[in-house]
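Here's the structure we're looking at; comments come further down.
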There are 2 protein chains.
Amino acid sequence: MEKIYSLRAEIFKALSHPIRLKIVECVSKEEKSVGEIVKYVEAEASNVSRHLALLRKAGILSDRKEGLNIYYCLEIPCVMEFFSCVNKVVKTRLELNRDMLKKI
Amino acid sequence: MEKIYSLRAEIFKALSHPIRLKIVECVSKEEKSVGEIVKYVEAEASNVSRHLALLRKAGILSDRKEGLNIYYCLEIPCVMEFFSCVNKVVKTRLELNRDMLKKI
DNA sequence: GTACTATTTGATAACATTACCAATTAATCA
DNA sequence: TGATTAATTGGTAATGTTATCAAATAGTAC
């Protein structure tokens, strides 16, 4: 398997967790401190910290230190364009479920 | 965590494996039989079969049976638009690696 | 120096994913 | 019927991911 497919897969893997998707949404408009992100996603700080590190390592977020705070922002804004397509897939799946329900 | 983030994450998870990305590429232009896909991705048939099932379950591929063969095709063409953005991230990462290399 | 706050890291246990080989199903045809 | 081909499924061991709690780091202010 050519390496390029693995490199691409890593980006999708970085986006394949609900907390990480919520983090991406949180920082998509403007940078946010870790504290703000933790409040937004409603998860344990240490857990969020790991997800942030993973997103940074994948190249999706970048960070900046200022005093005690660390601010994260979306490094690759085009990632946001994924969501309308993903919502389309999700919608189709939910509609299929609804149609199956009708048949019961 | 709202359910919608988990549903979205499942789509990304389905795309987060090199073999599955190669499968998506393989069937993106026209439907292909499992045999053709197996040749294209150069992996074990049983392995490819499981990846195909996963992509179908996620709603990304659909399948059609004809005689002994099963044909898969891309159900959600907009997925292909992800790749130019993903390549951008990959390129940035590779450039960072190159720049680090220069400093050694 | 101590105290305080923000964030990350270590250790670990629970859980999920993957590849492999063998066995199975399903369709076709002689 | 049995043989052949295409594809999937069962079992399993190896590997990877995640959440949690405690501990550590790093910056600020006194």
Side-chain angles (χ1 to χ4, degrees), chain A residues 1-3 5-24 26-27 30-73 75, chain B residues 1-3 5-24 26-27 30-73 75:
Chain A
M1 178 70 53
E2 302 91 299
K3 182 101 194 275
Y5 293 99
S6 302
L7 289 169
R8 286 176 187 154
E10 275 184 62
I11 311 300
F12 288 113
K13 189 179 279 181
L15 294 169
S16 73
H17 191 286
I19 289 183
R20 292 199 289 272
L21 289 184
K22 202 165 180 185
I23 289 173
V24 167
C26 177
V27 304
E30 51 193 0
E31 63 172 16
K32 295 270 168 61
S33 72
V34 175
E36 293 173 304
I37 297 168
V38 167
K39 271 212 198 75
Y40 187 79
V41 306
E42 298 171 293
E44 257 207 28
S46 64
N47 196 5
V48 170
S49 177
R50 276 189 225 278
H51 287 300
L52 284 169
L54 197 154
L55 285 164
R56 176 164 36 74
K57 195 154 165 269
I60 295 168
L61 303 187
S62 60
D63 65 337
R64 170 179 86 77
K65 197 161 192 174
E66 187 180 311
L68 264 181
N69 298 286
I70 298 178
Y71 293 89
Y72 281 85
C73 76
E75 182 72 15
Chain B
M1 176 72 52
E2 303 92 298
K3 182 102 194 275
Y5 291 101
S6 302
L7 289 169
R8 287 177 187 154
E10 275 185 62
I11 312 300
F12 288 113
K13 188 180 279 183
L15 294 169
S16 74
H17 191 286
I19 290 183
R20 293 199 290 271
L21 288 185
K22 204 166 178 184
I23 290 174
V24 168
C26 177
V27 304
E30 50 193 0
E31 64 172 15
K32 294 272 168 60
S33 72
V34 175
E36 293 174 304
I37 297 168
V38 166
K39 272 211 197 77
Y40 187 80
V41 308
E42 297 170 292
E44 257 205 28
S46 65
N47 196 5
V48 170
S49 177
R50 276 189 224 277
H51 286 301
L52 285 168
L54 195 155
L55 284 165
R56 175 164 38 74
K57 195 155 166 268
I60 295 168
L61 303 188
S62 60
D63 64 337
R64 170 178 86 77
K65 196 161 190 172
E66 186 180 311
L68 266 179
N69 298 286
I70 297 177
Y71 294 89
Y72 281 86
C73 77
E75 182 73 15

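The chains referred to below are lettered A, B, ... by the order of the sequence lines, with proteins before strands, and numbering in each begins at 1.
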Reference residue Ser16(A); test side chain to side chain contact (heavy atoms under 4.5 Å, CB included); the match among His17(B), Arg8(B), Lys13(B) = Lys13(B)

Taking 5' to 3' order, which nucleotide of DNA chain D is first and which is last to have an atom within less than 4.0 Å of a heavy atom in chain B?
-> dT5(D) to dG11(D)

When you look at Leu21(A) and Leu15(A), which way does the side chain to side chain contact (heavy atoms under 4.5 Å, CB included) test go after all the steps?
-> CA-CA 6 Å; Leu21(A) 289 184; Leu15(A) 294 169; 4.1 Å; yes

Between Val34(B) and Tyr72(B) the two heavy atoms that sit nearest each other are CG2-CE1, 3.6 Å

Could you list by number each residue of residues 58-69 of chain B showing a heavy-atom separation from DNA chain D of less than 4.0 Å, or answer none if no residue does?
-> Leu68(B), Asn69(B)

By side-chain contact (heavy atoms from CB on, under 4.5 Å), which residues pair with Ser62(A), not counting sequence neighbours?
-> Cys73(A), Glu75(A)

side-chain hydrogen bond (donor to acceptor under 3.5 Å, both in side chains) with Ser33(B): which residues, sequence neighbours excluded?
-> Glu36(B)

Residues in salt bridge (charged side-chain N to carboxylate O under 4.0 Å, His left out) contact with Glu10(B), at least two apart in sequence or another chain | Arg93(A)

Taking DNA chain C as the partner, which of residues 47-55 of chain A come within under 4.0 angstrom of it by heavy atom?
-> Ser49(A), Arg50(A)

Nearest-angstrom distance from the residue atom OH of Tyr71(A) to P of dA6(C) = 11 Å

With Glu31(A), which residues qualify under salt bridge (charged side-chain N to carboxylate O under 4.0 Å, His left out), at least two apart?
-> Arg64(A)

For the student: nearest non-hydrogen atoms of Ala45(B) and Val38(B), plus distance = CA-CG2, 3.9 Å

For atom OH of Tyr5(A) and atom P of dT18(C), their distance in whole Å | 18 Å

Distance, rounded to the nearest Å, where Ile19(B) contributes CD1 and dC20(C) contributes C1' = 12 Å

When we call it a touch if two heavy atoms are under 4.0 Å apart, what does Ser46(B) touch: a base, just sugar-phosphate, or nothing?
-> base

Contacts under 3.5 angstrom, residues 48-60 of chain B side chains, donor-acceptor by atom type, not counting sequence neighbours:
unit_1: His51(B); atom_1: ND1; unit_2: Arg20(B); atom_2: NH1; d: 2.9
unit_1: His51(B); atom_1: NE2; unit_2: Asn47(B); atom_2: OD1; d: 3.3
unit_1: Arg56(B); atom_1: NE; unit_2: Asp63(B); atom_2: OD2; d: 3.4

Interatomic distance, OH@Tyr71(B) vs CG@Leu61(B), rounded to 0.5 Å, equals 16.0 Å

Where the side chain of Lys32(B) meets the backbone of Cys26(B), is there a donor-acceptor pair that is under 3.5 Å apart?
-> yes

Using a heavy-atom cut-off of under 4.0 Å over every strand shown, decide if Arg20(A) touches base, sugar-phosphate, or nothing.
-> sugar-phosphate

Using a 4.0 Å heavy-atom cut-off across all strands, classify Tyr72(B) as base, sugar-phosphate, or nothing.
-> sugar-phosphate

